[in-house]
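Each remark here refers to the structure printed beneath this line.
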Amino acid sequence: MTVTQPSAEQAATDRIAFPPTPISPEPEQTATERIAFARTPISPAAAPAVAEVLTSGWLTTGPQVGAFEREFAAYVETEHAVAVASCTTALELSLRSLRLPAGAPVLSSTVTFCGAVNAILHAGLRPVLVDVDLDTLMPDADSVAAAVRRSGPPSAAVVLHFAGHPAPVAEIAEAANLPLSRVIEDAAHAVGTRVGERPVGGISAAACFSFYATKNLPIGEGGMVTTDDGELADFVRRCRLHGMSRDAWKRYLPGNSWRYSVEDLGLKANMTDLQAAIGRAQLPEVPGWQRRREQLVARYDELLADVPGVVRPVRPGNGRHAWHLYVIRVTPEFGISRDELIMRLAEQGTDCSVHFIPMHQQPYLQALPDMETRHFPVAEAAFQQYLSLPLYPDLTDAQVDRVCDQIATTSTH
């Protein structure tokens with residue numbers, strides 16, 4: 001069963017809230033029905049798991065969260081996993097755990113979601129935006145080195161695994177002259193990503209995952225910090241509940257003391273047992289969902305191979321792509337613009353999206369003092385071209401064929 005997510009026309013980003021859709025078996029789509037940009041797969045085990053929590057008497061952070069943390073840590077092969085309210089709060093708390101001075105510069109891709117840069121600002125730090133490589137749409141060692149030459153040495157970096165493509169974490173850290181202990185990975189797209197043979201999760205100081213409704217491990221909302229650093233995990237665990245010295249839920253267990261102390265400036269950023277129960281039900285499904293994503297990507301690659309002006313996403317040379325997104329580029333050879341193609345596809349019943357509007361184009365950041373907004377020629381050019389096509393486990397081969405046929409017949413060449 002699935003839940004349909006909003007199209008590009010219905011939401012400016014894939015983080016906008018949408019009205020709940022009843023969870024019920026979906027009928028087979030016909031050729032005339034719309035192809036949604038995103039649909040959330042729901043494990044048959046999810047509803048019973050939620051019902052069990054509802055009858056347990058414990059709804060907030062409790063035993064289900066602890067179990068989900070242990071299971072997710074095992075999945076990404078790390079020592080620690082700390083469940084939080086969102087990937088944005090995961091990034092903020094991970095950055096704050098580095099104990100950097102106020103206003104310290106932190107590198108970030110300009111092609112990223114606004115929440116990632118907001119997290120840097122909320123942590124009291126200063127974002128330094130970096131241009132991207134045209135093929136991967138992520139910073140590489142050269143663009144990082146160029147940013148460092150312009151802006152000076154950074155204190156830390158947030159490295160995004162864009163669309164699920166493994167980012168060159170070690171190379172970026174070396175180009176920035178940073179130890180990996182000063183690197184935080186934005187792994188919102190990276191459930192299932194591997195850098196070399198290693199799962200994203202414990203490569204740097206911390207990795208921050210998203211469980212938003214469109215992600216590879218969808219819960220609805222929620223995030224996770226994974227790390228091999230016990231002190232960092234303790235800091236995040238403490239600060240997700242107001243900075244209190246003991247988990248709030250433990251205070252209400254039989255025989256526990258009501259006393260607590262506030263040791264850090266914290267947030268209300270904990271995950272609930274309801275969310276964790278869904279996550280635990282969904283996690284065993286991820287390997288199968290990932291295989292299906294790879295099959296769909298192979299089909300897209302084959303059918304779009306000979307369409308003039310369509311540049312398919314590159315495969316990683318070292319590692320495994322999670323294929324959270326399938327991002328093509330629409331070049332002038334296609335004959336019409338990316339925006340015109342989106343409109344034509346929408347008219348034919350296919351919803352697409354764009355990930356992301358470069359952050360240096362956002363008015364709020366442009367108004368910040370010392371914010372560099374000029375040196376992003378690759379991101380500027382690429383933004384006119386890149387387009388995310390529908391990709392989710394329940395997408396059918398016939399629907400992929402239909403999307404590709406629409407693209408091919410829309411081309412003027």
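Position 1 is the first residue of the sequence; numbering continues from there.
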May I ask you to decide if [Y]'s main-chain N or O and [X]'s side chain share a donor-acceptor pair within less than 3.5 Å?
X      : Y      : result
Thr40  : Ala213 : yes
Tyr386 : Leu137 : no
Asp273 : Gly62  : yes
Ser108 : Pro127 : no
Asp264 : Gly243 : no
Arg238 : His242 : no
Thr61  : Met271 : yes
Arg240 : Ala83  : yes
Ser143 : Val130 : no

I want to check something: taking the side chain as every heavy atom from C-beta on, are [X] and [Y] in contact at a cut-off of under 4.5 Å?
X      : Y      : result
Phe37  : Ser388 : yes
Arg293 : Asn216 : yes
Val65  : Thr272 : no
Thr88  : Leu91  : no
Arg315 : Asp301 : yes
Glu221 : Tyr212 : yes

* Asked: Quick one: ring-ring contact (aromatic ring centres under 6.0 Å, His included) pairs with a partner in residues 288-317, sequence neighbours left out?
  ->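 Residue pairs passing ring-ring contact (aromatic ring centres under 6.0 Å, His included), neighbours aside: Tyr300-Tyr326.
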* All pairs passing ring-ring contact (aromatic ring centres under 6.0 Å, His included) where residues 130-150 contributes a residue, at least two apart ->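 The answer is none; no pair qualifies.
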* **For the student: nearest non-hydrogen atoms of Leu325 and His355, plus distance** =>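 Minimum heavy-atom contact is CD1-CG, 3.6 Å.
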Between [Y] and [X], do the side chains contain a donor N or O and an acceptor N or O under 3.5 Å apart?
X      : Y      : value
Gln64  : Arg280 : yes
Thr373 : Gln366 : no
Ser97  : Ser94  : no

* Aromatic plane relationship, His189 with Phe356 - under 30° parallel, 30 to 60° tilted, over 60° perpendicular ->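 Phe356 vs His189 ring planes: parallel.
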Going by ring-ring contact (aromatic ring centres under 6.0 Å, His included), name the residues that satisfy it together with [X], two or more places apart in sequence or in a different chain.
X      : result
His165 : His321
Phe376 : His360
Phe209 : Phe72

* **Results of side chain to side chain contact (heavy atoms under 4.5 Å, CB included) for Glu340 - residues two or more places apart only** =>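 With neighbours one apart ignored, the set is Ile336, Ser337, Met343, Arg344.
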* To do: Compute the centroid of each ring, for Phe68 and then for Tyr75, and state whether the two points are separated by less than 6.0 Å.
  =>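 No, ring centres 6.0 Å or more apart.
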